[in-house]
Amino acid sequence: MSTQSQKKKVTVTTLQQMKRDGERFAMMTAYDYCQSVTANKAGVDVMLVGDSLGMVIQGHDSSLPVTVEDIAYHVRCVRRGNTHAMIMADMPFMSYFNEVTTLENAASLMRDGAHMVKLEGAGWLGKSTQLLARHGIPVCAHMGLTPQSVNHLGGYRVQGRDPGQAEKIIAEAKQLETAGASVILLECVPTSLGKAVSEALEIPVIGIGAGPHTDAQVLVWHDLLGLYPGKPAKFVKNFLEGNPNGIEGAVRDYVTAVKDGSFPAPEHCYE
Ligand code: KIV
């Protein structure tokens with residue numbers, strides 16, 4: 001009999017091998033025990049305890065109020081439901097402003113059950129990435145639209161549309177790979193840039209609003225199920241609408257669509 005717990009655990013090596021084999025992987029956010037159990041059953045490879053919880057769980061209008069303890073609490077909830085997926089934890093706003101805070105906060109999230117931490121930024125993340133990687137903590141570098149910088153960026157806007165900015169993102173992604181990042185997450189960039197970054201790197205690139213050519217896709221749980229009020233972003237698809245198999249069926253359909261390349265479709269992408 002095959003049970004969920006007998007499935008092989010997803011590790012950094014698994015994700016990097018999947019990229020080499022040309023096999024896409026599916027990531028989604030999860031914040032609690034039941035979401036974690038459902039995501040595991042549906043075949044999600046990576047669960048992100050994202051600071052999007054500030055909006056979708058706590059009702060703030062940005063992710064800025066989220067604390068390390070908030071993320072840690074949800075990592076512990078997700079960990080209890082997890083059998084084999086990788087758990088990635090967001091380092092929230094201002095939790096990596098110097099070496100000591102970076103190491104202490106990342107270490108506490110790893111002790112709570114994360115297998116990788118995610119930091120938002122660009123080339124300037126090189127030092128923190130190197131520091132964490134040297135201490136055995138895998139890093140996902142979140143580039144492109146970085147929601148923790150919404151005030152600096154002047155809103156949630158597509159990044160990398162002008163050729164100079166696109167070249168800079170490609171060059172900085174390469175620097176972060178050299179610094180020891182295990183994966184890159186690219187948010188809200190034109191399809192051509194998502195493709196270029198994925199082709200330029202050996203490590204996997206996870207896209208959200210970055211077109212169909214990245215090595216993986218991520219969606220927020222509440223977006224994937226159409227639960228968040230208001231107008232969804234262009235890159236969102238509601239997999240629950242009209243789905244006869246309920247929530248688990250919707251998550252399963254998302255995983256299948258990521259793996260067979262049918263999601264994202266042209267209507268979810270930026271030019
Ligand atoms: O916090 C989050 O959920 C994220 C995703 C939007 C990638 O960072």
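Counting convention: from 1, in listed order, for ligands and their atoms alike.
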Where ligand 1 meets H142 - atom numbers and elements under 4.0 angstrom, heavy-atom basis
8 (O)
Looking only at protein heavy atoms, which one is nearest to atom 3 (O) of ligand 1, and how far off is it?
S52 OG, 2.6 Å
Note the single closest protein heavy atom to atom 5 (C) of ligand 1, along with its residue, its atom name and the distance in Å.
L48 CD2, 3.8 Å
Other residues, nucleotides, ligands: >12 heavy atoms within 6.0 Å of K168 NZ:
no
Taking distance alone, with no angle check, do Y31 and ligand 1 share an N/O pair under 3.5 Å?
no
Which ligand 1 atoms, with their elements, are less than 4.0 angstrom from a heavy-atom of K118?
4 (C), 8 (O)
Numbering as shown, the atoms of ligand 1 that approach G50 to under 4.0 Å (heavy-atom distance):
1 (O), 2 (C), 3 (O)
Please identify which atoms of ligand 1 are closer than 4.0 Å to at least one heavy atom of D90.
1 (O), 2 (C), 8 (O)
Which protein heavy atom lies closest to atom 6 (C) of ligand 1, and at what distance to 0.1 Å?
I208 CD1, 3.9 Å
Can you find an N/O atom of T29 closer than 3.5 Å to an N/O atom of ligand 1?
no
Does this structure show an ion pair linking E69 with R76, if we count only N-O contacts that are shorter than 4.0 Å?
yes
Got a second to check how far D223's CG is from Y254's OH, nearest 0.5 Å?
10.5 Å
So, do Y31 and H222 have ring centers that fall under 6.0 Å from each other?
yes
Any side-chain heavy atom of M91 within less than 4.5 Å of one from L109?
yes
Between T178 and K174, is there a donor-acceptor pair closer than 3.5 Å when you use the side chain of the first and the backbone of the second?
yes
Taking atom CD of E241 as the centre, does the number of heavy atoms from other residues, nucleotides or ligands within less than 6.0 Å exceed 12?
no
